[in-house]
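Take a look at this one; I'll ask things after.
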Amino acid sequence: MHHSSSVDGGYAWMIVLAVFWNNAHHWGVLSSYGIFLEDFISNSRISGGTSLDFALIGGLSASQALVISPLVTMIHRRFGLKTTMALGVLLETAALLGASWSTKVWQLYLSQGVCFGWGLGLQYLSTTFIIPQWFSKKRSLAAGITTAGTGTGGLIYSLATHSMLAWFGSSWSYRILAIIQFVVNTICVLLLRDRVETPPTQKGKRSVRLSLGKRYETWVFIGWSFFSVMGFMVIWYSLATYSRSIGLSASQGSIVTAVMNVGQIFGRPAVGYFSDIVGRFNMTAFATFTSGLLCLLLWVFATTYAALICFALFAGILFGTFWTAVGPLGAEVVGLDDLQSFLTMMWLVCSVPATFAEAIGLKLRTSGDQEFLHTQLFTGFMYIGATLCIVLLRGWKISQRKSLEPGEYRRISSGLSRVVAWETV
């Protein structure tokens with residue numbers, strides 16, 4: 001493998017800047033769909049669609065990005081990073097333009113759902129593999145900064161989309177988003193490059209190394225990913241709708257979404273920074289568990305505007321930890337050589353919660369004063385399940401480290417001690 005630059009410095013920070021703004025202009029644009037969703041439900045521009053249809057379309061965008069992970073890996077290995085990313089930008093632009101002209105729900109499924117999801121996947125999955133190449137000691141901090149782009153874009157577009165819908169309507173709002181993301185993401189593609197080039201002998205190999213599926217740690221990691229994505233998608237798409245259910249206006253709902261994105265802007269780099277200090281497994285376990293507690297103990301009782309703002313801020317800081325931690329933790333589990341194949345398997349499994357999480361959240365709604373109670377409890381327990389998985393993965397990592405140490409440190413008294421023992425891991 002050819003190394004074009006050293007890690008943790010120099011051009012690596014230009015890579016961080018490019019990935020940051022790339023995330024802002026695909027995940028950020030996708031987060032604005034929550035505002036479009038409310039508009040579609042309230043108005044009748046799209047014929048034949050129900051609230052469940054519109055919720056599924058939002059989930060489909062995210063899930064399609066994960067479903068095509070084997071294809072992304074294959075294109076990346078055969079044609080390189082820039083070609084993969086450029087194809088994603090073109091598909092995303094076509095999707096937003098297609099959504100602007102959609103009048104039937106099946107057209108929105110194909111444009112906003114499938115086509116946008118493929119464009120998102122070609123870009124996001126490629127950049128997930130880049131950061132571990134360029135960073136070692138500061139890997140989690142770099143990942144946190146880049147994923148903060150999601151919150152930055154979400155903040156910009158949750159406010160801008162609300163205003164654009166009022167001024168221009170949904171059709172021209174989509175077209176404006178298409179133009180902006182095309183310009184910014186094209187610049188990002190020109191700046192990005194792999195540090196570790198794929199050797200010619202590797203380009204024809206299969207995109208998924210199936211033997212990784214035989215490992216205990218693979219499935220514990222996938223369990224953490226599955227539950228985390230399930231909880232994340234429900235909160236991400238539900239807050240604006242929940243705010244309307246407690247009597248807030250559409251403007252207040254967009255502010256709640258904006259505050260959640262502010263939390264992501266500051267929270268994700270902070271999670272990355274502390275992960276490098278106290279250990280990536282430790283910080284991930286803490287943030288995931290706290291996200292569950294916030295859902296169960298704060299969101300359930302957030303029935304006023306002020307309370308919901310507090311929940312949105314604290315949840316925004318922590319609930320997207322998965323997206324910050326997934327690349328660095330994956331590198332810790334299998335190493336850089338198998339990381340792309342490892343993440344491909346994980347993305348395929350996570351396409352299931354990405355597709356159905358918000359639909360499940362809507363179906364769990366009931367009538368009465370607390371119509372979102374079951375949704376809130378479901379989300380909280382998803383994060384608790386994710387916490388159990390990451391704690392087990394942490395115990396595995398400690399056992400791996402101890403097995404390589406000499407003398408008395410090699411012996412571990414029990415499986416429980418591996419889970420609860422303090423280690424910077």
Check your understanding: Between F182 and V89, is any pair of side-chain heavy atoms under 4.5 Å apart?
Key ->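 Counting from C-beta outward, F182 and V89 do come under 4.5 Å.
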
Point to revise | Minimum side-chain heavy-atom gap L348-L66 below 4.5 Å | key: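 No, their side chains stay 4.5 Å or more apart.
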
Check your understanding: Taking side chain as C-beta onward, heavy atoms only, is V19 less than 4.5 Å from C188?
Key ->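 Sidechains of C188 and V19: no contact.
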
Exercise for review: Would you indicate whether the side-chain heavy atoms of W323 and T150 approach each other to under 4.5 Å?
Suggested key: no

Review point. If you draw a 6.0 Å radius around CZ in F314, do more than 12 non-hydrogen atoms from other residues or ligands fall strictly inside?
Key: no

Check your understanding: Measuring from L192:CG to M14:CE, what's the distance to the nearest 0.5 Å?
Key -> 10.5 Å

Point to revise | From CA spacing to verdict: side-chain contact (heavy atoms from CB on, under 4.5 Å), Y33, I57 | key: CA-CA 9 Å; Y33 181 71; I57 288 168; 3.5 Å; yes

Practice item. Scan for ring pair (Phe, Tyr, Trp, His ring centres under 6.0 Å) pairs involving residues 262-285, sequence neighbours excluded, and state none if there are none. Key: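 Not a single pair qualifies under ring pair (Phe, Tyr, Trp, His ring centres under 6.0 Å).
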
Exercise for review: With the side chain counted from C-beta on, respond yes when L97 and Y174 share a heavy-atom pair under 4.5 Å apart, and no when they do not.
Suggested key: no

Point to revise | Heavy-atom side-chain contact between I75 and R78 under 4.5 Å | key: no

**Study point:** Atom NZ of K397 with >12 non-hydrogen neighbours under 6.0 angstrom
**Key:** yes

Check your understanding: Backbone N or O of A143 within a donor-acceptor pair of the T146 side chain at under 3.5 Å?
Key ->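 It does hold such a pair.
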
Review point. Under 4.5 Å between any side-chain heavy atoms of R139 and L329, yes or no?
Key: no

Exercise for review: Please check if the side chain of Q107 supplies one atom and the backbone of T103 the other of a donor-acceptor pair under 3.5 Å.
Suggested key: yes

Check your understanding: Does the side chain of F311 come within less than 4.5 Å of L239's, by heavy atoms?
Key ->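 Side-chain contact under 4.5 Å: yes.
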
Exercise for review: Please check if the side chain of T324 supplies one atom and the backbone of G144 the other of a donor-acceptor pair under 3.5 Å.
Suggested key: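 Side chain of T324 to backbone of G144: no pair is present.
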
Check your understanding: Which pairs, with at least one residue in residues 371-392 and sequence neighbours excluded, count as a ring pair (Phe, Tyr, Trp, His ring centres under 6.0 Å)?
Key -> Y242-F372

Below 3.5 Å, can you tabulate the donor-acceptor pairs from side chains in residues 294-305 to any protein atom, sequence neighbours excluded?
| from | atom 1 | to | atom 2 | distance (Å) |
| --- | --- | --- | --- | --- |
| T304 | OG1 | A307 | N | 3.3 |

**Study point:** Under 3.5 Å: donor-acceptor pair, side chain of K82, backbone of R193
**Key:** no

Exercise for review: Verify side-chain hydrogen bond (donor to acceptor under 3.5 Å, both in side chains) between T84 and S126, making sure each step is shown before the conclusion.
Suggested key: CA-CA 8 Å; T84 309; S126 298; 4.8 Å; no

Output side-chain donor-acceptor pairs under 3.5 Å for residues 218-225, partner residues at least two apart or in another chain, one line each.
| from | atom 1 | to | atom 2 | distance (Å) |
| --- | --- | --- | --- | --- |
| T218 | OG1 | L212 | O | 2.7 |
| W219 | NE1 | G213 | O | 2.5 |
| W224 | NE1 | S228 | OG | 3.4 |
| S225 | OG | F221 | O | 2.9 |

Check your understanding: Under 3.5 Å, is there a donor-acceptor pair between the side chain of T288 and the main chain of T387?
Key -> no

Would you tabulate the side-chain donor-acceptor contacts of residues 115-123 under 3.5 Å, counting partners in other chains and residues two or more places apart, or write 'none'?
| from | atom 1 | to | atom 2 | distance (Å) |
| --- | --- | --- | --- | --- |
| W118 | NE1 | Q64 | OE1 | 2.8 |
| Q123 | OE1 | N22 | ND2 | 2.9 |
| Q123 | OE1 | N185 | ND2 | 3.4 |
| Q123 | NE2 | E92 | OE1 | 2.9 |
| Q123 | NE2 | G119 | O | 3.2 |

Check your understanding: Can you list every pair that meets salt bridge (Lys or Arg N to Asp or Glu O under 4.0 Å) and has a residue in residues 297-314, with sequence neighbours left out?
Key ->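 Salt bridge (Lys or Arg N to Asp or Glu O under 4.0 Å) check on residues 297-314 returns no pairs.
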
Check your understanding: Considering residues, nucleotides and ligands other than F226, do more than 12 of their heavy atoms fall under 6.0 Å from its CZ?
Key -> yes

Review point. Where do R215 and V333 land on the side-chain contact (heavy atoms from CB on, under 4.5 Å) test, with the steps shown first?
Key: CA-CA 11 Å; R215 299 183 185 180; V333 174; over 6 Å; no

Exercise for review: Verify, without hydrogens or angle tests, whether H76 (side chain) and V72 (backbone) share a donor-acceptor contact under 3.5 angstrom.
Suggested key: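 No; judged by distance alone, with no hydrogens or angles, the pair does not exist.
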
